Amino acid sequence: MQPARPCLAIVLAAGEGTRMKSRRPKVLHQVAGRSLIGHALASVSQAGADAVAVVISSERPEVGEEARRLVPHAEIAVQHERRGTAHAALAAKAAIAAGHDDVIVAFADTPLVRPETFSALRAALTGGAAVAVLGFEARDPTGYGRLVEQDGRLEAIVEHKDATPGQRAITLCNAGLMALSGRHALSILEAIGDDNAQREFYLTDAVAVARARGLEAVVLRAPESEVQGVNDRAQLAAAEAEFQRRKRLAVMLGGATLIAPETVFFSYDTEIGGDVVIEPNVVFGPGVRVDDGAVIHAFSHLEGATVGAGASVGPYGRLRPGARLAEKAKVGNFVEVKAADIGPGAKVNHLTYIGDAAIGAGANIGAGTITCNYDGFAKSRTTIGEGAFIGSNSALVAPVTIGAGAYVGSGSVVTRDVAPDALAVGRARQIERQGWAKSFREAAAARKAAKKAAE
Ligand code: UD1
Ligand code: MG
């Protein structure tokens, strides 16, 4: 096997993003539960970038913090003045000078570029190009840089504002991302000037600089949907829609059934096994894994949870972080589970809250059971043994342990541990008065008749 070529990814994130109308930096807005910059970082890492430099503006240190949280070895470079994409890339000069075979430049606000696309740009460098750029056929090319080809060769990229009417007629546009051969990257970037309509240092001029030196520049094409950037909330929603479209497709081709795919929303990291069935209107927050053969019924919401093989959730199930359903466990309608293990084959079928708990295999939790896990200050645990049976409408006041095989009578408030195989009943004893209802009715009827007669 060939040794991996060292690769640096420069992720440009010094953008202002004022069109988001947000206090939050644009690239920290999320698609499918992950920040825009998180998507860009994941993609370049999967494409083999072993070094990462993130260029941020000095006003937005939180962007650097997010990058370091996701990629602890990332170098954070600050672009003090916004003077163009090449100027931004050069903020990472020290990282470029460290020497890598490949340098890729990605935009933090362009979250849908697949790792395969970055890999293809790198492969073009291996094939001898000094610069490889990503192009797309724009439905509306206004605003984009145009790829100027001559005799099938890329000669230059001309920014919309600098383009002649003839060049503006070109629909093949620059997606913005590119790969530069590490050997030439620094000298090419340093040769770029700001002699243009915007007085900016354009990364795109890397093409003309390389061609002037007799180096080769190539274009790879991507669908427009892959290179769409995010500048406002409508584009954020468009990026979300595209991400969901791809993820639904991947889940279905992976062997799961989605009855109405357009109504199911995944997170960037949702893992769905084979022969899983997901009914309409289900939402997955981050951190969910669903194993083979499980069924997620309609209108369920899951986050930070695992669903074992053959288990079922919902309809109207809610799994919060730390919910772990073992194989064939059942969590039914209007049931909320948080930080709890539901053992193999255990059933929690109706109208129940299970939090900070462990439920043994085959236990049956009756309708309306509540684990009272919080006293306003601390959370406490409830442990329910294998095969235990909790009668409906019981309140289990944690910390408390119900032994294996024990019964809890319906409507109990259980405040003390219950021994294995015991019966616990914690409710007022039932009393009965013979004939009470009949005499009550007769007395009430007599009063009503007397009142009517007096009128
Ligand atoms: C850029 C490309 C254009 C391409 C388009 C695709 C250049 C000169 N032009 O134009 O050819 O068609 O993207 O969307 O590269 N940034 C900084 N510092 C700066 C300037 C930009 O960090 O000084 C970052 C931005 O945060 C953003 C990216 O670079 O992530 C692109 O900048 P932007 O201003 O959006 O470039 P465009 O004019 O859209
Ligand atoms: Mg832009």
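Ligands are counted one by one from 1 in listed order, and the atoms in each one are counted from 1 as well. For clarity, every value in this text was computed on a predicted model and none was experimentally measured.
Salt-bridge annotation for E65 and R68: absent, with no side-chain N of the basic residue lying under 4.0 Å from a carboxylate O of the acidic one. The pair E62-R24 does not meet the salt-bridge criterion, since no charged nitrogen lies less than 4.0 angstrom from a carboxylate oxygen.
A search for salt bridge (charged side-chain N to carboxylate O under 4.0 Å, His left out) contacts involving R34 returns nothing, not counting sequence neighbours. Residues that satisfy the side chain to side chain contact (heavy atoms under 4.5 Å, CB included) test with E226, not counting sequence neighbours, are V113, R114, T117, A222, P223, R246.
Within 4.0 Å of ligand 1, counting heavy atoms only, the contacting residues are L12, A14, G15, Q79, R82, R83, G84, T85, A88, F107, D109, Y144, G145, E159, N174, A175, Y202, T204.
Between F136 and Y144, the ring planes lie perpendicular to each other; the angle is over 60°, past the 30° to 60° tilted range.
The side chain to side chain donor-acceptor pair (under 3.5 Å) contacts involving residues 359-378 comprise Y353-N373, D356-N373, where partners must be two or more places apart or lie in separate chains.
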